[in-house]
Amino acid sequence: MSTLATDFIRNRIREDLENDVVDGTIVTRFPPEPNGYLHIGHAKSICLNFGVAAEFGGKTYLRFDDTNPSKESEEFVHSIQEDVRWLGFDWEDRLTFASDYFEQLYSFATQLIEKDKAFVCDLTADEIRATRGTLTEPGSDSPFRTRSIAENLDLFRRMRDGEYADGAKVLRAKIDMASPNLNMRDPVLYRILHLAHHRTGDSWCVYPLYDFTHCICDALEGITHSLCTLEFEDHRPLYDWVLDNVSINFHPPQIEFSRLGLEFNVMSKRILTSLIDSGQVEGWDDPRLPTIAGLRRRGVPAAAIRDFCSRVGVTKQANLVETSLLDFCVRAELEDTAPRGMAVVEPLLVTVINFEGDDIELEARNHPKNLELGSRRLTFGRELYIERSDFAVTASKKQRKLTLNGLARLRYGFIVECVDVINDDSGLPIELKVRYVENSRSGQDTSGLKPKATLHWVSKANAVHAEIRLFERLFNVREPDGSSFESDVNGNSLRSHHGFVERAAVESKWNPCQFERNGFFAFDSSSTPDRPVFNRIVSLMSSKK
RNA sequence: UGGGGUGUAGCCAAGCGGUAAGGCAGUGGGUUUUGAUCCCACCAUGCGCAGGUUCGAGUCCUGCCACCCCAGCCA
């Protein structure tokens, strides 16, 4: 976090500053389309754009690229702002919308017509596709390409005035139908869409396309470095063409970097949307999703996401980052600060048969090293719970478990010896009878006993019933493409348990916290005081074999 | 077989002609009442391949190969 990043973009900016190609202040922008929630791939771009500006004393705009009213909505502009803010970035007064510039955009389009650089085309979408040519063959000119400037001006005006139906006409740039770059084959600049826009309402029925809009907005806002992902590399000539042919005295350079790939995850908004629509997950904030809202609900700290993005770096190489790196960042962020408590996910009842009288109060540190986190009282009594998986009738020497006739230490409490196991009809243990060693109390142990296992536990008197949700990867393939949810989606990605959490963790509202030996947890948003729900953010690292 | 890109360890990623950073994962060891944390050590005679230039090449040149992106009136 503290080492300053040196990637090809920051190097470029440093050079531009030194060579005075920008005058002192660098300006970037994060330009999401409000047609979905943000995901961790967007976080990479957000961290880059806002991070770079902060590092070089510059400014960053949050600009919504809202040129397609058929897909966009106010819900998404709200969620996106919330997510960017939560990630820790501030656009101050630089919140803009491409739709703020619709009037200027329209007049720039008119300019293009006047310079004979654009024309109104009556071809249908299918006809345009058919005359675009292929990757290896040139396209052919539209029969409307030779319309007079005056006619084009008139027609474009009438498009705006609503005289034509959707799709009846488009405005096209007049470039080169034989260009090897398909984006340069007279690309469509404006289309007719009789659709209300979430910000401009019914003011417009013609909407500009990305290639025409984005570069102009960048120029108008004085963006000194327009950073985008690799798939726009082929659009750069068009980005430049538009700015070169319109009266704007500012021309940002477009610089492309590779998108983030995270194994066992999808970043595609299309696939994310279908996951939600098909009920595979609960919504955009499902804790199994790599969305910012999902990560936040799961309990992942924003700082961990920032750290992750910084560790991943910025290059032009296609990448598929392992989830272990994200897990590492989450653990690293929580290790020093998360209070420790104990929770039993799959409880097994334990009766301490030689325990009599009042419960004993024990003291437990809330963190093994960070003493500022203080300590809490634990009660030890006749009945308590341990983790089912911590008991086995017999176990190898390698395994650290409580066994029949074996010893184990209850963390911060006493050493116990299991003297009997009671099974249900199917042979599953339902209760353990143990004896505790009176002089083995933590901190004042004179028993001389050294059990291999230290177990987490919750005494019955101190236990709060809680739903505990454990997550696994949503997909069981490293690079899901969304083509087959049936085979690719992990049916076991959510396992909900009814367990017990020690009272202090619930009452003190530790969030996030660590349940020792189980992982880091956070309250789910569905949690209520009398029905706590915990999400496991990430398990602990384990060297167990 | 058009155009645009990218190839350095299992995964990221530095390197900008002077003899392969760092992180994650992994392995071995130490500390430890969380199989956690922390600490130490190990982990590319090798940089997609083949030639060439050079005293010297991951870095320069040539030729191959592989992979990614592009034929929306999406962004």
Side-chain angles (χ1 to χ4, degrees), chain A residues 3 6-7 11 31-33 35 65-68 70-72 98 121 123-126 128-130 132-139 166-172 179-185 187-193 207 209-211 213-214 228-237 256 258 260-261 263 269-270 308 310-329 331-332 335-336 340 342 367-369 398-400 409-413 415 440 442-443 445 450-456 514-520 539-545:
Chain A
T3 56
T6 56
D7 49 68
N11 291 342
E33 181 188 15
N35 68 342
D65 224 328
D66 56 347
T67 58
N68 185 356
S70 72
K71 295 185 174 179
E72 297 152 5
C121 181
L123 256 25
T124 65
D126 284 344
I128 288 180
R129 188 177 311 119
R132 184 155 27 225
T134 68
L135 294 179
T136 52
E137 303 156 29
D166 288 5
K169 287 180 166 49
V170 292
L171 181 73
R172 290 228 255 170
S179 171
N181 181 343
L182 303 202
N183 295 122
M184 300 299 271
R185 321 244 261 224
V188 174
L189 267 20
Y190 266 86
R191 80 288 225 183
I192 300 171
L193 240 35
Y207 292 95
L209 275 90
Y210 169 86
D211 286 307
T213 308
H214 201 84
C228 65
T229 43
L230 250 30
E231 66 273 23
F232 291 103
E233 224 154 11
D234 287 341
H235 294 246
R236 191 171 61 223
E256 310 86 6
S258 55
L260 171 69
E263 61 173 11
K269 276 192 234 181
R270 197 199 93 241
F308 173 74
S310 125
R311 285 172 188 272
V312 161
V314 180
T315 68
K316 299 188 73 143
Q317 275 152 251
N319 60 80
L320 189 63
V321 178
E322 292 178 343
T323 54
S324 62
L325 181 61
L326 214 208
D327 291 345
F328 169 84
C329 293
R331 294 188 188 108
E335 172 58 29
D336 294 339
R340 267 58 167 176
M342 293 193 283
H367 194 284
K369 292 179 181 170
K398 300 271 189 185
Q399 293 175 304
R400 301 185 190 175
R409 152 145 258 129
L410 297 180
R411 177 95 161 136
Y412 292 120
I415 292 172
S440 68
S442 280
D445 183 357
K450 298 289 177 207
K452 305 183 306 261
T454 299
L455 274 31
H456 59 279
Q514 180 191 110
F515 290 140
E516 293 198 25
R517 303 209 306 139
N518 264 324
F520 291 98
S539 65
L540 261 27
M541 194 54 159
S542 173
S543 58
K544 180 165 41 174
K545 287 183 182 166

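We name chains A, B, ... by the order of the sequence lines, and we start the count at 1 in each one. Only heavy atoms go into these numbers, but all of them, side chains included; no hydrogens, no water, no symmetry mates.
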Across the strands shown, which category fits A:Arg129 at heavy-atom distances under 4.0 angstrom: base, sugar-phosphate, nothing?
-> sugar-phosphate
d(A:Leu540 CG, A:Glu335 CD) to nearest 0.5 Å is 7.5 Å
Can you find a donor-acceptor pair, distance only, under 3.5 Å between A:Asp234 side chain and B:rG3 base?
-> yes
When we call it a touch if two heavy atoms are under 4.0 Å apart, what does A:Ser324 touch: a base, just sugar-phosphate, or nothing?
-> sugar-phosphate
Any salt bridge between A:Lys269 and A:Glu72, counting N to O under 4.0 Å?
-> no
Would you mind telling me which residue lines up with the more 5' stretch of RNA chain B, A:Pro180 or A:Asn518, judged by nearest nucleotide?
-> A:Pro180
Just call it for A:Gly139: base, sugar-phosphate, or nothing, with non-hydrogen atoms closer than 4.0 Å on any strand.
-> nothing
Atom-pair distance (CG on A:Leu123; P on B:rG72), nearest Å = 14 Å
Test item: A:Thr6 and A:Asn11 side chains (from C-beta on) under 4.5 Å apart, heavy atoms | yes
Phosphate-side-chain proximity, A:Thr67 and B:rA75, N/O vs OP1/OP2 below 4.0 Å | yes
Tell me what A:Gly313 touches on the nucleic acid: a base, only sugar-phosphate, or nothing, going by heavy atoms under 4.0 Å.
-> nothing
Has A:Arg236 got a side-chain N or O lying under 4.0 Å from the OP1 or OP2 atom of B:rC70?
-> no
Considering only NZ, NE, NH1 and NH2 on the basic side and carboxylate oxygens on the acidic side, decide whether A:Arg409 and A:Asp445 come within less than 4.0 Å.
-> yes
So what does A:Phe328 touch, heavy atoms closer than 4.0 Å: a base, only the sugar-phosphate, or nothing?
-> sugar-phosphate
B:rU45 and B:rC40: how far apart are their C1' atoms, nearest whole angstrom?
-> 26 Å
Looking across every strand, which nucleic acid part, if any, lies under 4.0 Å from A:Arg411 by heavy atom: base, sugar-phosphate, or nothing?
-> base
Counting only side-chain N and O atoms of A:Arg340, is one of them less than 4.0 Å from OP1 or OP2 of B:rU37?
-> no
So, does the side chain of A:His235 form a donor-acceptor pair with the base of B:rA75 at under 3.5 Å?
-> yes
Can you tell me the Watson-Crick or wobble partner of B:rG7, both distances under 3.5 angstrom?
-> B:rC65
Do A:Glu516 and A:Tyr412 come within less than 4.5 Å of each other through their side chains, counting heavy atoms only?
-> yes
Quiz item: A:Thr454 side-chain donor-acceptor pair to B:rU34 base, under 3.5 Å | no
Distance-minimising heavy-atom pair for A:Val314 and A:Asp7 = O-CB, 3.4 Å
Side-chain donor/acceptor of A:Glu322 to base of B:rG10, under 3.5 Å = yes
Taking the C1' atom of each, how far is B:rA9 from B:rA21, in whole Å?
-> 14 Å
Any side-chain N or O of A:Gln317 under 4.0 Å from OP1/OP2 of B:rA13?
-> yes
Could you tell me whether the phosphate oxygens of B:rA13, OP1 or OP2, come under 4.0 Å of any side-chain nitrogen or oxygen in A:Thr315?
-> yes
Tell me what A:Tyr412 touches on the nucleic acid: a base, only sugar-phosphate, or nothing, going by heavy atoms under 4.0 Å.
-> base
Choosing from B:rA36, B:rA25, B:rA75, which nucleotide comes nearest the side chain of A:Glu231?
-> B:rA75
Check whether the side chain of A:Arg331 and the base of B:rU37 form a donor-acceptor pair under 3.5 Å.
-> no
Base, sugar-phosphate, or nothing: which does A:Val170 touch, judged by heavy atoms less than 4.0 Å apart?
-> base
Glycosidic torsion of B:rG58 (syn if within 90° of 0, anti otherwise) classifies it as anti
Thinking salt bridges, do A:Glu256 and A:Lys316 make one under a 4.0 Å N-O criterion?
-> yes
B:rC49 and B:rC65, which share atom name C1', separated by this distance in whole Å | 7 Å
Nucleotide nearest A:Met541 when distance is taken to its side chain, options B:rA36, B:rU34, B:rC74 = B:rA36
Rounded to whole angstrom units, what separation is found between the CZ atom of A:Phe520 and the C1' atom of B:rA36?
-> 8 Å
If you measure from the P atom in B:rU6 to the same atom in B:rG35, how many Å do you get, rounded?
-> 48 Å
Is there a side-chain contact between A:Asn319 and A:Leu260 (heavy atoms, below 4.5 Å)?
-> yes
Could you walk me through whether A:Ser179 and A:Asn181 pass the side chain to side chain donor-acceptor pair (under 3.5 Å) test, one step at a time?
-> CA-CA 5 Å; A:Ser179 171; A:Asn181 181 343; 5.5 Å; no
Pairwise P distance, B:rG63 and B:rG56 [rounded to whole Å] = 23 Å
After noting the C-alpha distance and the side-chain angles of A:Arg340 and A:His367, does the key distance pass the side chain to side chain donor-acceptor pair (under 3.5 Å) rule?
-> CA-CA 5 Å; A:Arg340 267 58 167 176; A:His367 194 284; 3.1 Å; yes
Would one find a side-chain N or O of A:Ser543 under 4.0 angstrom from OP1 or OP2 of B:rA36?
-> yes
Rounding to the closest angstrom, what is the interatomic distance between B:rC42 and B:rG58 at atom C1'?
-> 24 Å
For A:Leu320, report the nucleic acid contact type (base, sugar-phosphate, nothing); a contact means any heavy atom under 4.0 Å.
-> sugar-phosphate
How is A:Lys269 classified with respect to the nucleic acid when contacts are heavy atoms under 4.0 Å: base, sugar-phosphate, or nothing?
-> nothing
The nucleotide from B:rA75, B:rG5, B:rA36 with an atom nearest the side chain of A:Glu233 is B:rG5
Check the distance between B:rU34's C1' and A:Lys544's NZ and give it to me in whole angstrom.
-> 12 Å
Going by modelled atom types, is there a donor-acceptor pair between the base of B:rU6 and the side chain of A:Lys316 at under 3.5 Å?
-> no
In whole angstrom, give me the gap between the C1' atoms of B:rA44 and B:rG22.
-> 15 Å
Rounded distance in Å - NZ (A:Lys169) to C1' (B:rC73) | 14 Å
Given B:rC73, B:rU1, B:rA36, which nucleotide is nearest the side-chain atoms of A:Thr136?
-> B:rU1
Under the 3.5 Å rule, do the base of B:rU34 and the side chain of A:Arg517 count as making a donor-acceptor pair?
-> no
Counting only Watson-Crick or G-U wobble pairs whose two distances fall under 3.5 Å, which nucleotide matches B:rC42?
-> B:rG26
Atom-pair distance (CG on A:Leu540; C1' on B:rG35), nearest Å | 10 Å
So what does A:Tyr190 hit on the nucleic acid, given a heavy-atom distance under 4.0 Å: a base, only sugar-phosphate, or nothing?
-> nothing
Among B:rU34, B:rC74, B:rG23, the one nearest any side-chain atom of A:Glu33 is B:rC74
Base paired to B:rG2 (Watson-Crick or G-U; both N/O distances under 3.5 angstrom) | B:rC70
Atom-pair distance (CD on A:Glu137; C1' on B:rG3), nearest Å | 14 Å
Protein-nucleotide distance (A:Arg270, atom CZ; B:rC74, atom P), rounded to Å = 17 Å
Rounded to whole angstrom units, what separation is found between the CG atom of A:Asn319 and the C1' atom of B:rG7?
-> 13 Å
Could you measure between the two P atoms, the one in B:rG28 and the one in B:rC12, and give it in whole Å?
-> 25 Å
Would you mind classifying the nucleic acid contact of A:Ile128 as base, sugar-phosphate or nothing, using non-hydrogen atoms under 4.0 angstrom?
-> base
